Amino acid sequence: MSRGLVSIVGAGPGDPELITVKALKRIQSADVILYDRLVNEQLLAEAREGALRIYCGKAPGLHSMTQEMIGRILAAHAAEGKQVVRLKGGDPFIFGRGGEEAIVLAQAGIQFEVIPGITSAVGTSASSLIPLTHRGVASSFACVTGTGSDGNVSSVRWDLLAHSVDTLVIYMGISQLPQIQHELLHHGKSGCTPAALIERGTTSQERIITGTLAELHSLALSQNVSNPALIMIGEAVRVREQVLQLQQAANTSMTG
């Protein structure tokens, strides 16, 4: 029997229409789909009749299966000659463990491909009107996890991140927000730095809360912010308010 193919696919940041054409084609032709927690169900509905769907999502502190088990399942189905899709929210190589799965498949001699997706930072930045870069304001940005690989906030180099980039985008940081805020302030980032909390970015349930770095934790508590959510910190956050004010002024002028 000919060996199959594993497609490690990025599903995009939440809005199902933001998936790539190539990724959608792989979903529609797949024999087996292993999908994560943040994959939009509308994308799963694109799978052909009879396709096997396997949930392998990970919530904070709750994993439906180990990473090792996911790798074994991918390899086993592909070895049977099946077309397998490993479907991940965002981009598979940005906090998606796609690299780990590629290594496992390569070691097993399984043919695979990687199909990129719009990562949450890029998609959410655009949908929330907060540019990651903006001329004269921000010429660099960094995407960082809220905790290190050991689960410890302090293992992330907040001392460098506080001053080395203009726009900071923090994934998986809501539960660690008090410590993240403390670390950045402790290492000299101004408490007046504009900041935003973006919940369920690019979807119809998107919620955007803006303030300052010093206010972030209290804002998250008062607004009951929950995952999935991104934290964005930097002067570029001000662009959102500028755009909204200009839009409002233009609408008032036209209706007046």
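It should be emphasised that the depicted structure is a prediction, and the values quoted were computed from it without experimental measurement.
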[Y] and [X], any side-chain heavy atoms less than 4.5 Å apart:
X: I231; Y: L177; value: yes
X: L213; Y: L185; value: yes
X: L132; Y: M232; value: yes
X: E113; Y: K22; value: yes
X: L87; Y: L34; value: no

> How far apart are the C-alpha atoms of S140 and D166, what are their side-chain angles, what is the distance that settles it, and do they pass the side chain to side chain donor-acceptor pair (under 3.5 Å) test?
Replying inline: CA-CA 5 Å; S140 62; D166 297 315; 3.3 Å; yes

Is it the case that one hydrophobic cluster holds both [X] and [Y], taking links as side-chain heavy atoms less than 4.5 Å apart, direct or via other members?
X: L74; Y: V32; answer: yes
X: I208; Y: L168; answer: no
X: L24; Y: I33; answer: yes
X: I70; Y: F95; answer: no
X: V156; Y: F141; answer: no

>> Which residues pass the side-chain hydrogen bond (donor to acceptor under 3.5 Å, both in side chains) test with S120, not counting sequence neighbours?
In response: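 Scan of S120 (side-chain hydrogen bond (donor to acceptor under 3.5 Å, both in side chains), adjacent residues dropped) gives none.
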
Distance-only, no hydrogens or angles: does the [X] side chain make a donor-acceptor pair with backbone N or O of [Y] under 3.5 Å?
X: T66; Y: M69; value: yes
X: S253; Y: A249; value: no
X: N40; Y: G14; value: yes
X: Y35; Y: L43; value: no
X: R207; Y: I198; value: no
X: H163; Y: H187; value: yes
X: R86; Y: V6; value: no
X: E199; Y: E206; value: no
X: K82; Y: G4; value: no
X: T124; Y: A121; value: no

> Do E17 and Q42 have a side chain donor and acceptor closer than 3.5 Å?
Replying inline: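 On atom types as modelled, these side chains do not qualify, holding no pair under 3.5 Å.
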
>> Between R53 and E41, does any side-chain N to carboxylate O distance fall below 4.0 Å?
In response: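 Judged by the 4.0 Å cut-off on N to carboxylate O distance, R53 and E41 do not form a salt bridge.
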
>> Please determine whether side-chain contact (heavy atoms from CB on, under 4.5 Å) holds for the pair Y55 and D36, giving the CA-CA distance in whole Å, both sets of side-chain angles, and the decisive distance to 0.1 Å.
In response: CA-CA 6 Å; Y55 175 71; D36 282 348; over 6 Å; no

>> Run K189 and E183 through salt bridge (Lys or Arg N to Asp or Glu O under 4.0 Å) and show every step you take.
In response: CA-CA 9 Å; K189 197 161 190 69; E183 289 287 340; over 6 Å; no

>> Before you tell me yes or no, could you show the steps for E235 and R238 under salt bridge (Lys or Arg N to Asp or Glu O under 4.0 Å), namely the whole-Å CA-CA distance, both residues' side-chain angles and the distance that decides it to 0.1 Å?
In response: CA-CA 6 Å; E235 291 298 325; R238 296 188 194 275; 2.7 Å; yes

> Does the pair S29 and Q83 meet the rule for a side chain to side chain donor-acceptor pair (under 3.5 Å), with working shown?
Replying inline: CA-CA 8 Å; S29 63; Q83 301 299 302; over 6 Å; no

> side-chain contact (heavy atoms from CB on, under 4.5 Å) between V9 and T20: does it pass, once the steps are laid out?
Replying inline: CA-CA 10 Å; V9 175; T20 65; over 6 Å; no

